[in-house]
Enquirer: 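Just dropping this structure here.
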2 protein chains.
Amino acid sequence: MAESAAKTIMSGEGRLFLTDEQLRKGIEAMFFAYRGFTADPDRILEERGYGRAHHRAIHFIHRSPGTTVNNLLSILGVTKQSLNRVLRTLIDDGLVESRIGTSDKRERHLYLTEAGEELEQALSDAQRSRMRAAYRAAGPEAVAGFRQVLEAMMDPDLRRHYSALREAGQ
Amino acid sequence: MAESAAKTIMSGEGRLFLTDEQLRKGIEAMFFAYRGFTADPDRILEERGYGRAHHRAIHFIHRSPGTTVNNLLSILGVTKQSLNRVLRTLIDDGLVESRIGTSDKRERHLYLTEAGEELEQALSDAQRSRMRAAYRAAGPEAVAGFRQVLEAMMDPDLRRHYSALREAGQ
DNA sequence: CTTGGAAAGTCAACAAGGCTGACTTAAAAT
DNA sequence: ATTTTAAGTCAGCCTTGTTGACTTTCCAAG
């Protein structure tokens, strides 16, 4: 890791020269790390008969309580039918509440119930604990670099969502 | 990004204090970045009627020519039946060649054919080009941090695979 | 030399979670 | 009054994962 960083050569004009080999390592790092990233929540979800799709819905409803279905669709990047299937089970199981909009009654605003918040806690505790361990192991400068590269890797539309969350969140 | 990095406070003893909010941002960064990471190859795969599972197989056969089915299984973390379905189509389509082992004739050693190497090139060109752009945008120190955090996030078994590749690769 | 176990392959059946297309209902907007 | 938008639903399809059962081939240890 340290050696490979040393291999990213800067030319005179400050342009970065990256070998295919270094890029391939980055690609594989993403692949293997993402597996770790999802492993812990996956175990919890399986116990309760849910999948990653449920996790994603729960995560973003928790983060933006009262979000509309349409908004959630554009964040998750799936079809209405696909999201609806997941949302249906979460509502039926009493983890998510769907309230009719006050100003625009066509909209449904989504909230986690107490039980939903509980599951969200369990899931994000598991995921954060791995993230925290990785951050601690790598150090604060590495964390800054990690986020910079990831942000640069996003599609512009998705980055919009990510950044919008930053304003609201931080 | 820069501001948030500044928020990772170091205590007197050098321990890192990370707020749930910072960790949540890291989690969402992984989510959105992974979407970008797979977007370009996904488009190429779709044209040819393949999926991500085919990409993964092609990637690791390219990287370790002559690898056995068992080895591939442990890297990909799927069942024999699941891999076999994908491998079957790749062999039938003439992208992968399966040769009976010389020392142990039970084993099959997997190689990409010329057509397979061609597709691999197209896929990894697309993926590398995004990775290269992200690396350039973020700079060499960020890249080192990126890889450090990702490596720390892997499951130990998967990290073994990742590191083994490093020796062979770099 | 036989027997046990490993590597690979296959068949069948199932589930999650994507997708498209078509259609309804209610409400907002024009 | 008409059109558009938000949401929901039904039906059907695909990919990619799963389990379980079973075969063939072959290495290796008793």
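Heavy atoms only: backbone and side chains are in, while hydrogens, waters and symmetry mates are out. Just so we're on the same page: letters track the sequence lines, and every chain starts at 1.
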Enquirer: Rounded to whole Å, please give me the gap between CD1 in Ile100(B) and P in dC26(D).
Expert: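 Going from CD1 in Ile100(B) over to P in dC26(D) covers 7 Å.
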Enquirer: Output yes when a side-chain donor or acceptor of Ser64(A) lies under 3.5 Å from a complementary backbone atom of Ile61(A), and no otherwise.
Expert: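 No, the answer is negative, given that no donor and acceptor are paired below the 3.5 Å cut-off.
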Enquirer: Grab the CG-C1' distance between Leu72(A) and dG8(D) for me, whole Å please.
Expert: 15 Å
Enquirer: Would you indicate, yes or no, if dA8(C) has its OP1 or OP2 atom less than 4.0 angstrom from a side-chain nitrogen or oxygen of Asn70(B)?
Expert: yes
Enquirer: Atom CZ of Arg48(B) to atom P of dC14(D): distance rounded to whole Å?
Expert: 22 Å
Enquirer: What is the distance, rounded to the nearest whole Å, between atom CD of Glu46(A) and atom P of dG17(C)?
Expert: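 Going from CD in Glu46(A) over to P in dG17(C) covers 11 Å.
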Enquirer: Which heavy-atom pair separates Ala152(B) from Ala137(A) by the least distance, and what is that distance?
Expert: CB-CB, 4.1 Å
Enquirer: Can a side chain N or O of Arg88(A) be found less than 4.0 Å away from OP1 or OP2 on dG8(D)?
Expert: no
Enquirer: Under a 3.5 Å cutoff, is there a donor and acceptor pairing between the side chains of Arg128(A) and Ser124(A)?
Expert: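 Present: a donor and an acceptor within the cut-off.
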Enquirer: Treat each ILVMFWY residue as a node, draw an edge where side-chain heavy atoms are under 4.5 Å apart, and state whether Tyr111(B) and Val69(B) are in one component.
Expert: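 Cluster IDs for Tyr111(B) and Val69(B) differ.
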Enquirer: Tell me whether Lys25(A) contacts the main-chain N or O of Tyr162(B) through its side chain, where contact means a donor paired with an acceptor under 3.5 Å.
Expert: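 The answer is yes, because a donor-acceptor pair under 3.5 Å joins these two groups.
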Enquirer: Using modelled atom types only, decide if a donor and an acceptor are shared between the side chain of Thr38(B) and the backbone of Arg35(B) within a distance under 3.5 Å.
Expert: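 The answer is yes, because a donor-acceptor pair under 3.5 Å joins these two groups.
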Enquirer: Distance check needed: dA7(C) P versus Arg99(B) CZ, whole Å only.
Expert: 21 Å
Enquirer: Provide, to the nearest angstrom, the distance between the CG atom belonging to Asp42(A) and the P atom belonging to dT18(D).
Expert: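 One finds 12 Å between P of dT18(D) and CG of Asp42(A), rounded.
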Enquirer: Sugar-phosphate atoms are those with a prime plus P, OP1 and OP2; base atoms are the rest. Using that split, label each nucleotide of nucleotides 19-30 of chain C B, S or - for protein heavy atoms under 4.0 Å, 5' to 3'.
Expert: BBBB----BS--
Enquirer: Distance-only, no hydrogens or angles: does the Ser98(A) side chain make a donor-acceptor pair with backbone N or O of Arg108(A) under 3.5 Å?
Expert: no
Enquirer: In this structure, how many angstroms lie between the C1' atom of dA6(C) and the CG atom of Asn71(B), rounded?
Expert: 15 Å
Enquirer: How many whole angstroms separate atom CG of Asn84(B) from atom P of dC11(C)?
Expert: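 Interatomic distance, CG of Asn84(B) to P of dC11(C): 9 Å.
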Enquirer: Where along residues 49-59 of chain B does a heavy atom fall under 4.0 Å from DNA chain C?
Expert: none
Enquirer: Ring-plane angle category for His55(B) and His59(B), please: parallel below 30°, perpendicular beyond 60°, tilted otherwise.
Expert: perpendicular
Enquirer: Describe, in one word, how the ring planes of Phe60(A) and Phe32(B) are oriented to each other, choosing from parallel (under 30°), tilted (30 to 60°) and perpendicular (over 60°).
Expert: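 Geometry flag for Phe32(B) against Phe60(A): tilted rings.
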